[in-house]
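Worksheet: the structure to be examined is printed underneath.
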Amino acid sequence: MRYLTDSHTMKAVDNCSIHEFGIPSVVLMERAALGVSAFLRKHAEHNNKKTGIKVVCVCGSGNNGADGLAAARQLNEDGIDVHVVFAGTSEGTDEYRLQKSIVGNLGIDCVEYDGNIDFSEYDYIIDAIFGIGLSRAVEGRYAQVIEAINKARENPDTKIIAVDIASGISADNGQIMGIAVKADYTITFGYNKTGIMFYPGASYSGSVKVINAGFVTEDILHKKVKCFGSIFTYDDEDVGRLLVRKPDSNKGTYGRTLIIAGSKNMGGAAILSASAAYRSGTGLVKVLTHEINKTALLCRMPECLISTYQDNMPLAAELKADFEWAKSIAVGPGLSMNVAAAEITRCVLERDDKVRILDADALNIIAGEHIDYKGSREGQIIITPHIMEMSRLTGKTVADIKEHMIESAKEYAIQHSCICILKDARTVVTDGQKVYINCTGNDGMSTGGCGDVLTGLIAGMTAMGLDAFEAACLSVYVHGKAGDYAASGKGRAGMTAADISEAIAYVLKR
């Protein structure tokens with residue numbers, strides 16, 4: 001698990017280190033700058049640029065600019081030809097004035113930006129204009145400087161290194177504040193920022209390296225900084241959280257899940273979901289589907305138990321036995337929005353003693369019929385909307401949701417006492433308090449049936465007894481990793497949802 005911070009939490013981490021524990025800000029600044037200068041030197045050596053390189057540090061007048069000035073001094077100490085361009089117009093912070101004075105005393109070449117500097121003459125451009133505190137659109141002189149930096153990318157030998165965050169990106173949501181530096185590398189301090197994780201900020205950040213800048217330890221931050229640790233992401237080590245199989249186990253040991261999916265001519269959704277559920281490691285999967293899909297399911301998924309329904313038959317009584325059998329219930333993939341589907345969805349919502357996963361048409365039915373619902377401790381609910389489905393559920397615009405992914409998901413999760421998996425290029429999972437941001441997956445997963453695979457995966461993991469929130473987070477992570485695995489073999493354009501389902505087994509292979 002790796003913690004992430006937004007601008008407010010990171011400022012609190014900074015203040016806690018400086019004001020509560022007395023670590024001087026210039027010490028933190030020196031550590032941060034060392035991370036930047038060390039990265040640049042190592043990159044230059046790796047690319048056989050040990051001598052004769054030219055570096056320019058473009059500095060604003062805040063503490064981000066001060067970091068850049070400190071890095072310029074360190075590079076100068078190593079004999080590197082380094083220049084400083086001042087983009088800021090204000091007197092600046094105390095730290096900035098101190099670093100500016102030192103750089104001046106050392107005789108490092110410094111100039112004010114005048115609109116006539118060709119940044120492509122340099123091997124490296126260090127972007128230290130704005131840090132994580134940017135809260136308004138970039139315009140005027142600053143916009144001109146950023147435009148000139150980006151123009152330097154026309155020279156393939158010029159590399160741009162952003163200090164903490166590429167200037168012009170919102171550190172909270174990744175939105176571009178008018179214009180932003182297009183960095184090749186970002187050296188960020190302490191913790192990765194949510195604005196670097198989300199698009200379009202992620203595409204402006206290049207390769208991201210997180211360095212230890214000397215802040216107080218995480219055990220202190222958990223106690224002293226509100227909300228620290230509430231936003232996080234996973235890496236490969238977290239797959240170890242999954243249930244370990246035992247030699248003396250049987251199929252009943254690993255749970256039973258019911259997947260309600262597939263209306264007429266939509267049987268593929270049921271097959272994909274059931275396949276992913278079994279790939280998760282669960283013991284038994286039963287599929288409730290329209291009777292027309294029975295033969296296809298038997299042929300493709302002989303491991304499954306199968307129940308069927310007809311469009312006009314009453315379902316409430318028939319569902320009771322299947323609900324009793326299952327430890328978790330998933331509903332929605334390929335279900336359509338007819339009378340039978342609506343009855344099934346309502347019956348699932350009423351069953352408040354099971355983990356329930358609501359996907360696709362189940363969510364569209366909830367939105368279309370304005371069904372109110374709430375999860376409970378005994379019967380937790382996990383919903384899996386993509387952006388458009390979330391728009392139908394909330395009445396918010398797609399643009400507003402994309403700009404405020406965390407806030408939109410948290411608000412809905414709190415209102416409905418559920419776990420919300422808001423799917424996009426960076427999927428957000430939240431129970432209203434904790435927030436997981438997923439960093440696996442690729443654009444090849446923008447293909448039909450991919451969401452059905454995720455639903456089956458969540459159903460399988462919850463059936464095995466994992467905590468619902470952890471199962472949701474791990475499912476999203478594993479789903480993305482499976483997508484990456486599929487893309488490595490089939491290519492992003494040619495991969496299918498079935499390839500992703502099959503790849504789950506390889507991701508979980510231990």
Side-chain angles (χ1 to χ4, degrees), residues 257-261 269 273 276-277 326 328-337 341-342 344-396 398 401-402 404-424 426-438 450-463 466-477 479-480:
T257 189
L258 172 66
I259 295 176
I260 308 172
S273 291
S328 70
I329 304 167
V331 59
L335 197 63
S336 296
M337 293 180 65
I344 290 170
T345 300
R346 289 183 182 276
C347 288
V348 171
L349 288 170
E350 290 167 3
R351 189 66 192 235
D352 62 357
D353 62 343
K354 309 278 184 181
V355 177
R356 292 152 291 166
I357 301 98
L358 309 177
D359 179 42
D361 285 327
L363 297 175
N364 292 329
I365 288 167
I366 289 170
E369 300 195 7
H370 305 288
I371 300 173
D372 193 21
Y373 68 93
K374 283 184 180 292
S376 66
R377 184 182 297 275
E378 296 76 20
Q380 291 178 293
I381 290 176
I382 302 172
I383 67 166
T384 64
H386 54 58
I387 297 291
M388 182 59 73
E389 288 165 343
M390 192 65 166
S391 178
R392 297 186 194 114
L393 287 168
T394 63
K396 296 180 180 180
V398 167
I401 294 168
K402 284 183 74 70
H404 303 98
M405 289 280 289
I406 292 176
E407 295 88 344
S408 298
K410 285 182 70 173
E411 181 183 336
Y412 193 89
I414 291 169
Q415 287 176 350
H416 297 274
S417 300
C418 69
I419 295 162
C420 179
I421 300 176
L422 182 52
K423 298 182 295 191
D424 199 36
R426 287 286 189 256
T427 292
V428 170
V429 184
T430 181
D431 60 359
Q433 302 299 321
K434 300 184 291 294
V435 176
Y436 168 76
I437 301 176
N438 190 56
C450 187
D452 304 330
V453 172
L454 176 60
T455 297
L457 192 53
I458 301 166
M461 288 194 183
T462 51
L466 257 65
D467 169 78
F469 180 67
E470 188 165 40
C473 298
L474 282 169
S475 294
V476 171
Y477 180 82
H479 184 245

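Each residue takes its place number in the sequence, starting with 1.
- Side chains of N438 and V429 form no contact here, defined as non-hydrogen atoms less than 4.5 Å apart.
- To the nearest 0.5 Å, the span separating CG on D361 from CD1 on I366 amounts to 11.0 Å.
- Of all the heavy atoms in M390 and C420, the pair that sits closest is CE-SG, 4.0 Å.
- Between the NZ atom in K374 and the CD1 atom in I414 there is a gap of 10.0 Å [rounded to 0.5 Å].
- Atom OG1 in T455 sits 9.5 Å away from atom CG in L358 (nearest 0.5 Å).
- Between H404 and E411, the closest side-chain pair of non-hydrogen atoms is not below 4.5 Å.
- Heavy-atom minimum distance, A468 versus Q380: CB-OE1, 3.2 Å.
- With sequence neighbours excluded, no residue satisfies side-chain hydrogen bond (donor to acceptor under 3.5 Å, both in side chains) with D467.
- Residues L335 and T345 form a side-chain contact, since some pair of their non-hydrogen atoms from C-beta on lies under 4.5 Å apart.
- I387 is listed as a side-chain neighbour of M405, based on a closest heavy-atom distance under 4.5 Å.
- Partners of D431 by side-chain hydrogen bond (donor to acceptor under 3.5 Å, both in side chains), not counting sequence neighbours, listed by chain and number: K434.
- Note: Q415 CD to D372 CG = 9.5 Å, rounded to the nearest 0.5 Å.
- Judged by distance alone, with hydrogens and angles left aside, the side-chain atoms of R426 form no donor-acceptor pair with the main-chain N or O of D424 at under 3.5 Å.
- Of the possible donor and acceptor atoms, none in the side chain of K396 sits under 3.5 Å from a partner among the backbone N and O of S408.
- Across all non-hydrogen atoms, the minimal contact from T257 to A326 is C-CB, 4.4 Å.
- Taking the side chain as every heavy atom from C-beta outward, V331 and L349 never approach each other to under 4.5 Å.
- Here D359 contributes atom CG and N364 contributes atom CG; the two are 9.5 Å apart, rounded to the nearest 0.5 Å.
- Contact check for I383 versus L363: side-chain heavy atoms found under the 4.5 Å cut-off.
- Scanning all heavy atoms of the two residues, the minimum distance from A330 to A459 falls at CB-CB, 3.9 Å.
- I421 pairs with exactly one of T430, I357, I458 by the side-chain contact (heavy atoms from CB on, under 4.5 Å) rule, that one being I458.
- Residues satisfying the side-chain hydrogen bond (donor to acceptor under 3.5 Å, both in side chains) test with K410, not counting sequence neighbours, are none.
- Judged purely by atom type and a 3.5 angstrom limit, R356 uses its side chain to pair as donor or acceptor with the backbone of G379.
- H479 places no side-chain N or O within donor-acceptor distance of the main-chain N or O of G451, the cut-off being under 3.5 Å.
- For the pair K423/T384, a side-chain contact is recorded, criterion being any heavy-atom separation below 4.5 Å from C-beta on.
- The two residues A471 and L466 make their nearest non-hydrogen contact at CB-CB, 3.9 Å.
- No side-chain heavy atom of E350 sits under 4.5 Å from any side-chain heavy atom of D352.
- Here the NZ-OG distance, from K354 to S376, works out to 12.5 Å after rounding to the nearest 0.5 Å.
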Open item on the list: The test is side-chain contact (heavy atoms from CB on, under 4.5 Å); show your working for L422 and Y412 and say whether it passes.
Closed with: CA-CA 10 Å; L422 182 52; Y412 193 89; over 6 Å; no

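- Between Y373 and H416, the angle of the ring planes stays under 30°, which puts this pair in the parallel group of the 30/60° scheme.
- Scanning both residues, A413 and G432, for their nearest heavy atoms gives CB-N, 3.7 Å.
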